[in-house]
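Below: one structure, written as C-alpha cells.
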Amino acid sequence: MKNLVTRSLAGIVFVGVTLGSLLLGNYVFAIFFLLILAGTLNEFYNLIKNSGTRPLKAAGLATGTVIFVISFLVASGKLSALAFLLIFPMLLSFFAAELYRKNDRPLESIAAGILGIAYVALPLSLANLIVFDRTGAYSPGQMIALLALIWVYDSGAYLFGISLGRHRLFERISPKKSWEGAIGGTIAALVSAYFLSRFFPETGLVHWLIIGLLVVVVSTFGDLAESLLKRQFGLKDSSKLIPGHGGLLDRFDSLLFAIPVYTCYLELVLRL
C-alpha cells in the first residue's frame with residue numbers, strides 16, 4: 001500500500017509538471033522536453049555501460065540536443081526542413097570522436113551512441129511535429145491527448161494487473177505484466193479515446209479509437225523493449241529519480257514508441 005501511495009503521489013506531480021510545461025507555451029515545452037531528452041538519453045547510455053561498452057555520451061547528448069532544436073525550429077516555421085540534413089554529418093561525428101579515444105571496442109561504442117539517438121532523441125524530437133501544426137502555430141492539444149492515452153493505459157494496466165492478474169503477458173521479459181492488466185488498460189484507453197473525441201470533435205470518434213488501439217499496442221512494446229534492456233543488465237529501474245517509478249527511461253519508454261507512430265498517423269492521415 002505504501003508503494004502504491006508513493007507511486008501515485010509521484011505520478012500526480014510528474015503529470016502536473018508535464019502538463020504545465022505544455023500549457024505554459026512553446027518555449028517552456030521546448031526546455032522541459034529537451035531536459036527530458038537529455039536525462040533519458042543519459043540513463044540509456046548509463047545502462048549500456050553495464051555491458052562494458054563505453055558509449056560516446058558527450059557526442060550523443062550534443063547530437064540529441066541539436067536534433068531537438070532543429071526539429072523545434074522547423075516545426076515552428078523558423079527554419080527550412082532542409083536543416084534536417086545536418087543530422088547526417090552529426091551522426092558521422094561519432095566515428096570521428098572515437099578516433100580520439102583509447103578503446104578496444106570502438107564499433108560497440110559508436111553503435112551504442114547512434115542507437116541512443118535512434119531510440120531516444122529522434123522520437124522525443126518528433127514531439128515538435130505534434131505540438132505545432134503545419135502553419136507553425138503552437139497547439140499542444142494533440143500531445144496532451146497522446147500523453148493522456150498512455151497514462152490512462154499504464155494506470156489501468158497496473159491497477160487491473162495487481163488486482164486480477166493471473167496470466168502472464170510476456171513472462172520471459174516482464175514477469176509482472178499480465179493479460180488481465182493489458183485488457184483492463186485497453187478498455188480504459190478506449191474509454192478515454194471516446195472522451196477525447198468529445199474534446200477534439202474535428203478528429204472524429206473512429207480516428208480516436210484507432211489511435212487508442214495503436215497507442216495500446218506500441219506502448220506495450222515500448223515498455224517490453226525497455227524491460228528487455230534492463231533484464232540483460234540485471235537492473236530493475238533505469239535510475240531512482242522518480243519515487244515508485246524509477247527513472248526517466250522507465251517513465252517514457254512507452255512514449256518513445258508511441259510518438260513516432262502517432263506522428264505518422266497525424267501527418268499521413270489526419271493532416272492530409
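No side-chain donor-acceptor contact under 3.5 Å links Y153 and S192.
Aromatic ring pairs are classed by plane angle as parallel below 30°, tilted from 30° to 60° and perpendicular above 60°; the pair F68 and F72 is parallel.
With hydrogens and angles ignored, the 3.5 Å screen pairs a side-chain donor or acceptor of T186 with a backbone N or O of A182. Listed for the S238 side chain is no donor-acceptor partner under 3.5 Å among the backbone atoms of E43. Between the side chain of R134 and the main chain of R271, a donor-acceptor pair closer than 3.5 Å is present. The main-chain N or O of G247 is never found under 3.5 Å from a side-chain atom of D237 such that the two would form a donor-acceptor pair. In this structure, the side chain of E180 engages the main chain of H167 through a donor-acceptor pair within 3.5 Å. With hydrogens and angles disregarded, a donor-acceptor distance shorter than 3.5 Å links the side chain of S197 to the backbone of Y194. Using a distance-only test at 3.5 Å, with no hydrogens or angles considered, a donor-acceptor pair links the side chain of S163 to the main chain of L159. Under a 3.5 Å cut-off, the side chain of T63 and the backbone N or O of G60 do not form any donor-acceptor pair. Within the 3.5 Å criterion, the main-chain N or O of L47 finds a donor-acceptor partner in the side chain of N50.
Minimum interatomic distance between A38 and L61 (heavy atoms only, all atoms of both residues): O-CD2, 3.6 Å. Taking each heavy atom of S219 and A258 in turn, the nearest pair found is OG-CB, 4.3 Å. When every heavy atom of V74 is checked against every heavy atom of A81, the shortest pair comes out as CG1-CA, 3.8 Å. Residues A75 and L129 share a closest heavy-atom pair of CB-CD2, 3.9 Å. Minimum heavy-atom separation, P260 to L255: CD-O, 4.3 Å. When every heavy atom of I48 is checked against every heavy atom of A112, the shortest pair comes out as CG2-CB, 3.7 Å.
Taken together through direct or relayed side-chain contacts under 4.5 Å among Ile, Leu, Val, Met, Phe, Trp and Tyr, V261 and V216 form parts of separate hydrophobic clusters. Using a 4.5 Å cut-off between side-chain heavy atoms of Ile, Leu, Val, Met, Phe, Trp and Tyr, with links allowed through other members, I110 and M90 fall into the same hydrophobic cluster. At a threshold of 4.5 Å between side-chain heavy atoms, the hydrophobic network of Ile, Leu, Val, Met, Phe, Trp and Tyr places W208 and L213 in two separate groups. The hydrophobic clustering, which links ILVMFWY residues whose side-chain heavy atoms are closer than 4.5 Å, places L270 and F132 together. When hydrophobic clusters are built by joining Ile, Leu, Val, Met, Phe, Trp and Tyr residues whose side-chain heavy atoms come closer than 4.5 Å, directly or via intermediates, V13 is grouped together with L23.
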Next on the checklist: Please determine whether side chain to side chain contact (heavy atoms under 4.5 Å, CB included) holds for the pair T18 and I36, giving the CA-CA distance in whole Å, both sets of side-chain angles, and the decisive distance to 0.1 Å.
Outcome noted: CA-CA 10 Å; T18 303; I36 294 297; over 6 Å; no
Checklist entry - For N128 and Y138, what are the C-alpha separation, side-chain angles and deciding distance, and is it a side chain to side chain contact (heavy atoms under 4.5 Å, CB included)? => result CA-CA 9 Å; N128 290 298; Y138 181 70; over 6 Å; no
Item to check | Audit row: K177, L224, side chain to side chain contact (heavy atoms under 4.5 Å, CB included) steps and yes/no | outcome: CA-CA 9 Å; K177 287 182 174 55; L224 290 171; 4.0 Å; yes
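With respect to the salt-bridge test (charged N to carboxylate O, under 4.0 angstrom), the residues D250 and K230 qualify.
Less than 6.0 angstrom separates the ring centroid of F14 from the ring centroid of F252.
For F199, the CZ atom is loosely surrounded, since the number of other residues' heavy atoms within 6.0 Å does not exceed 12. Sparse packing is recorded around CZ of F195, with 12 or fewer heavy atoms of other residues, nucleotides or ligands lying under 6.0 Å away. The number of heavy-atom neighbours closer than 6.0 Å to CZ of F160, taken from other residues, nucleotides and ligands shown, is 12 or below. More than 12 heavy atoms of other shown residues, nucleotides or ligands fall within 6.0 angstrom of atom CZ in R101. Atom CZ of F170 has 12 or fewer heavy atoms from other residues, nucleotides or ligands within 6.0 Å.
S254 has its side chain within reach of D154: a pair of non-hydrogen atoms, C-beta onward, lies under 4.5 Å apart. When side chains are defined from C-beta on, V17 counts as touching F32, because their heavy atoms get closer than 4.5 Å. Residues I114 and F95 are in side-chain contact: their nearest non-hydrogen atoms beyond the backbone lie under 4.5 Å apart. Considering only heavy atoms from C-beta on, L241 stays 4.5 Å or farther from R251 through its side chain. Side chains of F29 and L24 form no contact here, defined as non-hydrogen atoms less than 4.5 Å apart. Using a 4.5 Å heavy-atom cutoff, the side chains of V131 and N26 are not in contact. Between Y262 and L149, every side-chain heavy-atom pair lies at or beyond the 4.5 Å cut-off. Using a 4.5 Å heavy-atom cutoff, the side chains of F200 and I144 are not in contact.
For the atom pair I130 CD1 and Q142 CD, the distance stands at 8.0 Å (nearest 0.5 Å). Atom CD1 of residue I150 and atom CG of residue D253 lie 9.5 Å apart, to the nearest 0.5 angstrom. Note that CG of L256 and CG of L249 are 6.5 Å apart. Values are rounded to the nearest 0.5 Å. Note that CG of L169 is 15.0 Å distant from NZ of K176, once rounded to the nearest 0.5 Å. With values rounded to the nearest 0.5 angstrom, T40 atom OG1 is found 10.0 Å from L35 atom CG. Here L146 contributes atom CG and T263 contributes atom OG1; the two are 8.0 Å apart, rounded to the nearest 0.5 Å.
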